[in-house]
Amino acid sequence: MSRFYDLVIIDSGFCSSKYPDVDVYIKGNEWQIGTDNDTIGHGTGVLSIVSKSYAGKFAVFKAFDMEIDNNLPKVMSALNYIYDNITCRVLQLSFGVRGYYPEFEEVCRRIYQKGIIIVSAFDNSGGMSYPAAWDFVVGVDGNPYCKTKNDFDVFVNGVVDIKAKSGYQLIETNRTSNGYAIKPGNSYAASYVSLKILENEKKVHTKEDAMKIFRPDYERLIHKNDMSLSECRAAVFPLNKENYSLVNYYDMAVPDI
């Protein structure tokens with residue numbers, strides 16, 4: 001039987017005595033609910049933004065042990081387990097992978113097709129990252145000028161869908177003596193987006209449904225002024241990190257080039 005949660009997060013785990021009912025999934029021979037001390041404190045902060053404001057049922061999959069750890073095999077394992085065993089309203093991925101992996105997109109798309117909204121933070125460095133850049137995922141970037149949990153910038157027909165509060169802010173953590181730290185990051189911006197979706201009582205089954213929470217005319221605008229490129233070439237200078245992604249993945253951006 002499938003377990004139900006309001007929000008599932010893939011992160012570094014979760015540890016907080018304030019929210020003892022959070023299920024933390026640990027990977028041994030298989031994924032199972034266990035205990036965790038969250039050696040980074042990142043997952044604790046990311047989920048606490050939601051759990052302190054919304055009385056729901058939450059789960060965290062512990063896929064990372066270090067802050068710079070991009071453990072894609074463990075992430076893939078968690079995603080496949082979620083697809084087979086879990087139902088939730090929102091799945092939040094608090095990280096960005098710069099390279100494109102077809103099997104990563106495939107499992108995320110299958111989860112989305114179950115009616116689960118996927119919210120993903122873009123890479124903090126400003127480069128193109130996945131799954132946030134995929135068209136079926138609510139991709140979240142940060143905006144330091146968003147000061148409250150209800151401040152959002154919404155974009156239509158772009159790579160970034162929403163910008164939210166990402167600047168230095170007080171975050172709960174298990175890694176300090178007082179239980180708090182001041183941290184920035186797009187992962188926290190993504191949590192504000194997930195929280196807003198959960199607070200909405202309407203049925204949300206697609207990305208378009210979710211985006212209409214932030215902008216009611218989103219569905220009408222998403223198909224307006226669609227533009228396509230054909231038989232064109234471009235020279236891009238300078239070759240910085242943003243343009244590096246465009247050059248390396250041009251075949252995904254422009255068909256038949």
Side-chain angles (χ1 to χ4, degrees), residues 8-11 46 63-64 68-73 75-76 78-79 82-83 90-114 116-143 146 152-164 166 185-194 196-197 206-215 218-219 221-223 225-229 234 236 239-257:
V8 174
I9 292 178
I10 298 179
D11 209 295
V46 164
F64 306 104
I68 58 173
D69 186 13
N70 258 341
N71 195 345
L72 189 58
V75 169
M76 288 289 298
L79 288 168
I82 291 167
Y83 176 77
V90 179
L91 170 64
Q92 180 176 326
L93 284 74
S94 306
F95 56 88
V97 178
R98 290 196 186 182
Y100 171 71
Y101 301 90
E103 64 275 16
F104 185 26
E105 180 179 13
E106 180 186 359
V107 67
C108 287
R109 190 178 293 276
R110 285 193 284 118
I111 289 171
Y112 173 71
Q113 289 171 344
K114 285 179 64 175
I116 296 172
I117 303 303
I118 302 177
V119 174
S120 175
F122 274 96
D123 186 287
N124 283 324
S125 66
M128 180 78 75
S129 66
Y130 304 96
W134 290 325
D135 60 2
F136 58 92
V137 173
V138 180
V140 184
D141 201 359
N143 184 346
C146 292
F152 302 101
D153 287 335
V154 183
F155 301 87
V156 178
N157 289 328
V159 176
V160 174
D161 294 303
I162 303 177
K163 291 190 177 185
S166 65
N186 292 342
S187 298
Y188 306 120
S191 289
Y192 292 113
V193 172
S194 295
K196 188 73 172 179
I197 294 171
T206 67
K207 176 181 176 178
E208 287 72 24
D209 292 339
M211 292 301 296
K212 283 189 286 186
I213 294 170
F214 302 90
R215 183 167 183 164
Y218 180 84
E219 189 172 13
L221 293 173
I222 194 67
H223 302 295
N225 296 326
D226 279 346
M227 298 178 67
S228 60
L229 298 175
V236 180
L239 189 58
N240 54 19
K241 62 181 184 295
E242 292 82 8
N243 291 329
Y244 179 84
S245 294
L246 293 175
V247 170
N248 280 276
Y249 301 109
Y250 71 91
D251 57 323
M252 297 173 58
V254 181
D256 301 323
I257 192 168

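Please read all numbers here as calculations on a predicted model, not as lab measurements.
Rounded to the nearest 0.5 angstrom, Ile162 CD1 and Ile213 CD1 are separated by 8.5 Å. The structure places OG of Ser194 at 10.5 Å from CD1 of Ile117, a figure rounded to the nearest 0.5 Å. Atom CG of Asp135 is separated from atom CG of Asp161 by 9.5 Å, given to the nearest 0.5 angstrom. Atoms CZ and OH, from Arg109 and Tyr83 in turn, are 13.0 Å apart once rounded to the nearest 0.5 Å.
Nearest heavy atoms, Asn71 versus Ala63: CB-O, 3.5 Å. Closest heavy-atom contact between Ala164 and Cys146: C-CB, 3.7 Å. Considering all non-hydrogen atoms of both residues, Cys108 and Ile118 come closest at O-CD1, 3.3 Å. What you find for Gly142 and Lys163 is that their closest heavy atoms are O-CD, 3.8 Å. Residues Val137 and Lys207 come closest through the heavy atom pair O-NZ, 3.1 Å. For Met76 against Glu103, the heavy-atom pair with the smallest separation is CE-O, 3.4 Å.
Residues Val90 and Val138 are not in side-chain contact: their nearest non-hydrogen atoms beyond the backbone lie 4.5 Å or more apart. Side-chain contact between Tyr188 and Val46 is present, with at least one heavy-atom pair separated by less than 4.5 Å. Side-chain atoms of Lys212 and Thr206, non-hydrogen and from C-beta on, never get closer than 4.5 Å to each other. Looking at Ser129 and Phe122, their side chains come closer than 4.5 Å, going by heavy atoms from C-beta outward. Residues Phe104 and Leu79 have side chains in contact (heavy-atom distance under 4.5 Å, counting atoms from C-beta outward). Between Phe64 and Val75, the closest side-chain pair of non-hydrogen atoms falls below 4.5 Å.
Although no hydrogens or angles enter the test, the distance criterion places a donor-acceptor pair under 3.5 Å between the side chain of Ser166 and the main chain of Asn143. With hydrogens and angles disregarded, no donor-acceptor distance shorter than 3.5 Å links the side chain of Lys196 to the backbone of Phe214. At distances below 3.5 Å, not a single donor-acceptor pair connects side-chain atoms of Asn186 with backbone N or O atoms of Asp141.
Only one option out of Ile10, Val119, Asp11 pairs with Ser94 in a side-chain contact (heavy atoms from CB on, under 4.5 Å); it is Asp11.
Between Tyr112 and Phe136, the ring-plane angle classifies as tilted under the 30° and 60° cut-offs.
Glu105 and Tyr130 share no donor-acceptor pair across their side chains, judged by distance under 3.5 Å alone.
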